[in-house]
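Structure record follows, encoded as structure tokens.
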Amino acid sequence: MSSQMLYPIHLNLARLTKSWIRIPPEVFAWNTVIRKHAKSAYPIEAVNAFFRMQRMGVPADNYTYPFVLKACGRCLRVGEGRQVHCLVVKSGFLLDHYVGNTLLSMYGDCGVIRLARMVFDEMPERDVVSWSSMIAACVTWYALLACNEKLKTWTVMICGLSNHGRGEDALSLFIQMEKAGLKPDSISFTGLLCACSHLGLVKEGKEYFDRMVNVYNIEPKLEHYGCMVDLFGRAGMVKESYDIIKSMPKEPNSIILRSFLSACKIHGWDHVDDHFKELLLEIEPSLGANYVLAANMSAMSHQWDDMAKLRVAMKGKGLKKVPGCSWVK
DNA sequence: ATAGGGTTAG
């Protein structure tokens, strides 16, 4: 039975009326439109709606900005994001924690670390979310530098040599965060451990993982184990990577399995459980890349029959390799 | 009545 049926109707009406007086109805309506679009497959529509709202003279409120900024970040529109930033400053909503933090993440998502840092530095107060967002932005930056030589050149050309080592910035941010007396939470640690993984800092990564468990009493989640599997895997310590998966209290997910099997492929390890290969295909049978990876593993251990079977299975499902893409324009 | 942070990867 719903709560509406338990209470006299006029009570509900009174509550509704009160909120309708507090918030102008058209602002709420616009917020709803922008929120829906921001989460949709076409976040640009949220940005368009926001500017339409501006043109119609409806004032944005503290809810509007997080929605539209999230959308700007999702479709990588720094230009529009900056315009919204200006409006945020003008309207005084910069002091709102939600608004400030989404602004920071927006710049982080768009890869404009300098502006993210500017917002971060100018914040009157930084909470856990602000620190985690800034750490994440630094990690993303380092991942970009690390993953693609061409992109590295491109980035270095534009931003100058001074921007090297953002992954280290992420680490130093974490240290500053602790010094500032903030208690990092499980998401802060995900960012930190990712930074260690990208930088190849195995010793530090291990220490921070222990610190998370023993000092902060945070129970490691699947993604933390995933970071460790990735950390060891990238560093070529495939055995240690394997041990992490074996010691986990839960079943690994497809991300972890893919990370581990790729490490095996690169660094080589013939004692791979067939189980992992099969498990990956069981968890995520719709991704072509998983079949490619599984076939590679079969080839490594000279299981040619298995490999042929996988090829057939892949074709039968009509799976193709998804072409790679980059969001850098 | 609506709101903010993280992870794969050839």
Side-chain angles (χ1 to χ4, degrees), chain A residues 12 15-23 25 27-36 38-39 46 60-71 73 93 96-109 116 119-120 123 126-140 143-144 146-148 170 173-174 177 182 184-198 220-231 233-234 252-263 265-266 280 283-284 287-290 292-293 296 321-326:
Chain A
N12 282 327
R15 249 179 37 214
L16 269 176
T17 323
K18 229 174 122 189
S19 68
W20 273 71
I21 290 170
R22 246 191 2 247
I23 317 164
V27 177
F28 184 83
W30 278 106
N31 285 353
T32 310
V33 170
I34 296 171
R35 179 168 55 94
K36 288 271 187 209
K39 285 184 187 165
D61 69 0
N62 54 327
Y63 286 86
T64 321
Y65 289 115
F67 298 146
V68 66
L69 286 168
K70 180 84 193 164
F93 280 114
D96 186 297
H97 264 205
Y98 283 91
V99 176
N101 286 336
T102 19
L103 194 55
L104 165 54
S105 315
M106 184 274 294
Y107 284 129
D109 287 342
V119 172
F120 180 79
M123 280 177 164
R126 296 167 199 98
D127 62 10
V128 191
V129 176
S130 324
W131 285 94
S132 293
S133 309
M134 197 59 235
I135 291 172
C138 293
V139 172
T140 308
L144 282 176
C147 76
N148 185 327
L173 269 173
F174 184 86
M177 179 186 183
L182 268 119
D185 64 8
S186 89
I187 295 180
S188 324
F189 273 102
T190 310
L192 179 72
L193 293 174
C194 284
C196 293
S197 164
H198 289 309
K221 292 208 274 184
L222 214 49
E223 51 268 39
H224 300 116
Y225 289 113
C227 286
M228 297 311 283
V229 168
D230 201 48
L231 174 71
R234 278 173 198 259
N253 61 13
S254 61
I255 297 174
I256 295 177
L257 288 174
R258 236 189 342 271
S259 167
F260 174 70
L261 292 177
S262 324
K265 195 180 124 191
I266 295 166
L280 179 59
I283 301 176
E284 206 179 41
L287 191 67
N290 290 343
V292 176
L293 201 50
N296 286 332
K321 254 183 107 168
V322 183
C325 68
S326 164

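Order of the sequence lines sets the chain letters (A, B, ...), proteins ahead of strands, with each chain counted from 1.
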- Message: Regarding A/Asp230, tell me which of base, sugar-phosphate or nothing describes its non-hydrogen contacts under 4.0 Å with the strands shown.
- Response: sugar-phosphate
- Quick note, A/Arg258 side chain, CB onward, closest among B/dA9, B/dT8, B/dA3 is B/dT8
- Message: As a test of reading the structure: which of B/dG6, B/dG10, B/dT2 is closest to the side chain of A/Asn31, going by heavy atoms?
- Response: B/dT2
- Item | Nearest-Å distance for atom pair CD/C1', residues A/Glu284 and B/dT7 | 14 Å
- Item | Geometric class of the A/Trp131/A/Phe120 ring pair [parallel <30°, tilted 30-60°, perpendicular >60°] | perpendicular
- Under 4.0 Å between a side-chain N/O of A/Arg234 and OP1 or OP2 of B/dA9, yes or no? yes
- Which listed nucleotide (B/dT8, B/dA3, B/dG6) is nearest to the side chain of A/Ile187? B/dG6
- Task: Scan A/Cys194 against the nucleic acid and name what it touches under 4.0 Å (heavy atoms): base, sugar-phosphate only, or nothing.
- Result: sugar-phosphate
- Message: What is the distance, to the nearest angstrom, from the CG atom on A/Leu261 to the C1' atom on B/dG10?
- Response: 14 Å
- Item | Under 3.5 Å donor-acceptor, A/His198 side chain and A/Val139 backbone | no
- Got a donor-acceptor contact below 3.5 angstrom from the A/Ser197 side chain to the A/Leu193 backbone? no
- When you measure from the side chain of A/Asn296 to the backbone N and O of A/Val292, does any donor-acceptor pair fall under 3.5 Å? yes
- Message: Checking contacts here: which listed nucleotide (B/dG6, B/dG5, B/dA9) is nearest the side-chain heavy atoms of A/Ser259?
- Response: B/dA9
- Whole Å only: how far is the CG atom of A/Asn296 from the P atom of B/dG10? 12 Å
- Select base, sugar-phosphate, or nothing to describe what A/Val99 touches, counting heavy atoms under 4.0 Å on all strands. nothing
- The side-chain contact (heavy atoms from CB on, under 4.5 Å) partners of A/Leu222 (sequence neighbours excluded) come to A/Met248, A/Lys250, A/Asn253, A/Ile256
- Message: Tell me whether the side-chain N/O atoms of A/Ser130 come closer than 4.0 Å to OP1 or OP2 in B/dG5.
- Response: no
- Item | Under 4.0 angstrom between A/Lys70 side-chain N/O and B/dG5 OP1 or OP2 | yes
- Nearest non-hydrogen partners of A/Gly100 and A/Val119, listed with the distance: O-CG1, 3.9 Å
- Any N or O donor-acceptor pair linking the side chain of A/Ser132 to the base of B/dG5 at under 3.5 Å? yes
- Winner on side-chain proximity to A/Ile255, out of B/dG6, B/dA9, B/dT8, is B/dT8
- Query: Roughly, in whole Å, what's the span from CG in A/Leu293 to P in B/dG10?
  - Reply: 10 Å
- Can you tell me the distance, in whole Å, between the CG atom of A/Asp96 and the P atom of B/dA3? 14 Å
- Message: The side chain of A/Phe28 is closest to which nucleotide in this list: B/dG6, B/dT2, B/dA3?
- Response: B/dT2
- Find the distance A/Trp30:CH2 to B/dA3:P and express it as a whole number of Å. 19 Å
- Could you check which of B/dA9, B/dG5, B/dG6 has an atom nearest any side-chain atom of A/Ser188? B/dG5
- Item | Minimum-distance nucleotide (side-chain atoms of A/Lys265 versus B/dG6, B/dA3, B/dG10) | B/dG10
- Message: By the 4.0 Å heavy-atom rule, please label A/Ser105 as base, sugar-phosphate, or nothing.
- Response: sugar-phosphate
- Item | Touch class at under 4.0 angstrom, heavy-atom based, for A/Phe189 against every strand present | nothing
- Query: Expressed in angstrom and rounded to an integer, what is the separation of A/Leu222 atom CG from B/dG6 atom P?
  - Reply: 18 Å
